[in-house]
Novice: 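Here it is, the structure in full.
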Protein chains: 2
Amino acid sequence: MTDQLSRVFAALADPTRRDMVARLTEADHTVNELAAPYDVSVQAVSKHVKVLEEAGLVSRSREAQRRPVHLEAEVFDLMTKWIERYRRRAEERYAALDAVLARMQDEDGPSRTDQEGTAS
Amino acid sequence: MTDQLSRVFAALADPTRRDMVARLTEADHTVNELAAPYDVSVQAVSKHVKVLEEAGLVSRSREAQRRPVHLEAEVFDLMTKWIERYRRRAEERYAALDAVLARMQDEDGPSRTDQEGTAS
DNA sequence: GCATTGTTCAACCAGATGGTTGACAAGACG
DNA sequence: CGTCTTGTCAACCATCTGGTTGAACAATGC
C-alpha cells in the first residue's frame, strides 16, 4: 500500500474519516474540534488526521498551540481521474455488448437466447 | 465498516484489486484468468474477488464450471457522487476565501491578517 | 462411476488497523 | 514561576487483512 491512490482510498474507507472530510469542507478545524462529535479519545482522532495527512487529503499549519487541519482539494482529482477512466471504458464495453446482442437477435432465430446467463 | 461506500473504498485501496478492476473493464474473466498475472495463489485471488463482489463492484454468473467475473458500473456513480459533492464544496470555500483575502488586501492596511483563524 | 477442471472453504500466520491509557512537549496565561 | 490547553508519542490490545496450504465441492467428460 505504498502509492498515494491506495492511501487515499484506504483513508476514505473509514466512515469517521469521511465524516471529518465532510466537516472540513465547511471550515478548518483543530483536532479537538474534530474530536468533539465522536465518542473516541482525542488521540484516536489525532491518528485519523495523520492517516488523512499521509494520504495528502489534509494539511496542517501552526497557529499558536493550535494546529488547524485544512482540506486539500487536489487529491480529489486523483480519485476522480481513476474512477472516470474505468467507468468510461466499462460503459463503452456495455454499449458494444448491447450492439452485439442486438445483431445476434437480428441475424439468426431466437433459439439460443440462454447463453449469456445472468449477464445484464 | 458496514456501509457500501466504505466497502467500495476499502476494496479499491488494494493495488491488486484496482488492477483487476482495470482488466475487467476490457472483458469478463474467470478467477483463474484473473490470477494468472499475479504471483499469488488462486485462493488469494478468489478472496479478492469476494471483496469486490461484497462491495458491489463485480458480479458473477455461472457458465458451465466457470464463474466469469463481471464488472458492475453503477457503483462507480456512488463514489463519484460522494467525491463530487465534497470537492465542489471545498472549491467553493476556496473561492470565497480568495475573495475575502483580496478584499482585505484592498480595504485596509496589511496589519490584521491573522484574524480569521478557524472561524466558519 | 470416476477423473478432471475450476472454484471455494477452513485453518492458520504475520502484519496492519483502530482503539485504549499514560507520559510528555510546546505555548498561553495566571 | 507554575499550570492549563492542545496535541503527539509510546506501549499495549483486539480485530481485520492478505497471504499460505490442504481439503472439499460443483459441473463436465470420459
Side-chain angles (χ1 to χ4, degrees), chain A residues 1-21 24 27-55 57-70 114-118, chain B residues 1-21 24 27-55 57-70 114-115 117-119:
Chain A
M1 219 231 287
T2 46
D3 62 299
Q4 182 172 20
L5 204 44
S6 295
R7 282 194 295 265
V8 172
F9 280 126
L12 295 178
D14 186 290
T16 302
R17 285 196 291 259
R18 277 206 308 283
D19 190 62
M20 294 201 284
V21 167
L24 287 168
D28 291 357
H29 287 292
T30 66
V31 171
N32 271 291
E33 287 165 1
L34 282 175
Y38 314 123
D39 195 22
V40 296
S41 65
V42 178
Q43 290 94 322
V45 173
S46 181
K47 279 191 187 180
H48 279 309
V49 172
K50 194 176 186 182
V51 172
L52 291 172
E53 190 175 29
E54 281 167 355
L57 279 160
V58 305
S59 63
R60 276 132 132 186
S61 49
R62 178 163 282 286
E63 182 183 292
Q65 319 100 302
R66 288 175 185 76
R67 310 209 353 89
V69 180
H70 173 80
D114 59 333
Q115 263 203 330
E116 71 279 358
T118 62
Chain B
M1 217 231 286
T2 43
D3 61 299
Q4 181 171 22
L5 203 45
S6 295
R7 281 194 295 264
V8 172
F9 279 126
L12 295 178
D14 186 289
T16 303
R17 285 195 291 259
R18 277 205 309 283
D19 190 62
M20 294 202 283
V21 167
L24 286 168
D28 291 357
H29 287 293
T30 66
V31 171
N32 271 292
E33 287 164 2
L34 281 175
Y38 314 122
D39 196 22
V40 296
S41 65
V42 178
Q43 290 95 321
V45 173
S46 181
K47 279 192 187 179
H48 279 309
V49 172
K50 194 176 184 182
V51 172
L52 291 172
E53 191 175 28
E54 281 167 354
L57 279 160
V58 304
S59 62
R60 276 183 269 188
S61 50
R62 178 162 283 286
E63 183 182 292
Q65 317 99 306
R66 289 174 184 77
R67 306 199 14 78
V69 180
H70 173 80
D114 60 336
Q115 257 205 332
T118 62

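Each chain gets a letter, A, B and so on, in the order the sequences are listed, and its residues count up from 1.
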Novice: Please give, in whole Å, the distance from D:dT8 P to A:Glu53 CD?
Specialist: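 Between P of D:dT8 and CD of A:Glu53: 8 Å.
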
Novice: Between A:Leu24, A:Val58, A:Val69, which is the residue that forms a side-chain contact (heavy atoms from CB on, under 4.5 Å) with A:His29?
Specialist: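 Looking at A:Leu24, A:Val58, A:Val69, the match for A:His29 under the side-chain contact (heavy atoms from CB on, under 4.5 Å) is A:Leu24.
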
Novice: Mind listing the closest non-hydrogen atom pair of A:Asp28 and A:His70 along with its distance?
Specialist: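 Distance-wise, the nearest heavy atoms are OD1-ND1, 3.0 Å.
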
Novice: Please report the end-to-end axis angle for the helix from C:dG1-D:dC30 to C:dG30-D:dC1, five pairs per end, rounded to 10 degrees.
Specialist: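 That helix gives 10° between its end axes.
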
Novice: Can you tell me which nucleotide in C:dT7, D:dA27, D:dT8 comes closest to the side chain of B:Arg62?
Specialist: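 Closest nucleotide among those given: D:dA27.
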
Novice: On a heavy-atom basis, which atom in A:Val45 and which in A:Val31 lie closest, and how many Å separate them?
Specialist: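 Closest heavy-atom pair between A:Val45 and A:Val31: CG1-O, 3.9 Å.
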
Novice: Does B:Lys50 have any side chain to side chain contact (heavy atoms under 4.5 Å, CB included) partners at least two apart in sequence or in another chain, and if so, which?
Specialist: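 Listed in chain order: B:Glu54, B:Arg60.
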
Novice: Tabulate atom names and distances for all N/O pairs under 3.5 angstrom spanning the protein and nucleotides 18-21 of chain D.
Specialist:
from   : atom 1 : to      : atom 2 : distance (Å)
D:dG18 : OP1    : B:Arg17 : NH2    : 2.9
D:dG18 : OP2    : B:Arg17 : NH1    : 3.3
D:dG19 : OP2    : B:His48 : NE2    : 2.3
D:dG19 : N7     : B:Lys47 : NZ     : 3.1
D:dG19 : O6     : B:Lys47 : NZ     : 2.3
D:dT20 : OP1    : B:Ser41 : N      : 3.4
D:dT20 : OP2    : B:Ser41 : N      : 2.9
D:dT20 : OP2    : B:Ser41 : OG     : 2.7

Novice: Between C:dG6 atom P and B:His29 atom NE2, what is the distance in whole Å?
Specialist: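 Roughly 15 Å, once rounded to whole Å.
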
Novice: Does B:Arg18 come within less than 4.0 Å of A:Asp3, counting only side-chain N to carboxylate O?
Specialist: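 Yes, charged N to carboxylate O under 4.0 Å.
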
Novice: Quick one: B:Arg66 CZ to D:dA27 C1', roughly how many Å, whole number?
Specialist: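 One finds 11 Å between C1' of D:dA27 and CZ of B:Arg66, rounded.
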
Novice: Taking atom P of C:dT5 as reference, at what distance in whole Å does atom CD of B:Glu33 sit?
Specialist: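 B:Glu33 atom CD is separated from C:dT5 atom P by 16 Å.
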
Novice: Considering all heavy atoms of both residues, which atom of B:Thr16 and which atom of B:Tyr38 are nearest to each other, and what is their separation?
Specialist: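 Distance-wise, the nearest heavy atoms are O-OH, 3.9 Å.
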
Novice: Can you see which heavy atom on B:Thr2 is nearest to which on B:Arg7, and at what distance?
Specialist: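 Of all heavy-atom pairs spanning B:Thr2 and B:Arg7, the closest is O-NH1, 2.6 Å.
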
Novice: Look at A:Ser46 and D:dT8 and indicate whether a side-chain polar atom (N or O) is within less than 4.0 Å of OP1 or OP2.
Specialist: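 For D:dT8, OP1 or OP2 has a side-chain N or O of A:Ser46 closer than 4.0 Å.
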
Novice: Rounded to the nearest Å, what distance is computed from the NZ atom of residue B:Lys50 to the C1' atom of nucleotide C:dT8?
Specialist: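 B:Lys50 atom NZ is separated from C:dT8 atom C1' by 8 Å.
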
Novice: What are the two closest non-hydrogen atoms of B:Leu57 and B:Ala11, and how far apart are they?
Specialist: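 Shortest heavy-atom separation between B:Leu57 and B:Ala11 comes out as CD1-CB, 4.0 Å.
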
Novice: At under 4.0 Å, does any side-chain N or O of A:Arg60 touch on OP1 or OP2 of D:dT8?
Specialist: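 Answer yes for this pair, as a side-chain N or O of A:Arg60 is under 4.0 Å from OP1 or OP2.
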
Novice: Please report the closest heavy-atom contact between B:Val49 and B:Met20, naming both atoms and the distance.
Specialist: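 The answer is N-CE, 4.4 Å.
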
Novice: For B:Glu63 and D:dA26, what is the distance between atoms CD and C1' respectively, to the nearest whole Å?
Specialist: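 The distance from CD of B:Glu63 to C1' of D:dA26 comes to 15 Å, rounded to the nearest Å.
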
Novice: For B:Asn32 and C:dT8, what is the distance between atoms CG and C1' respectively, to the nearest whole Å?
Specialist: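 Taking atom C1' of C:dT8 as the reference, CG of B:Asn32 is at 12 Å.
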
Novice: Given atom CG of A:Leu52 and atom P of C:dT17, what is their separation to the nearest angstrom?
Specialist: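 Taking CG of A:Leu52 and P of C:dT17, I get 13 Å after rounding.
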
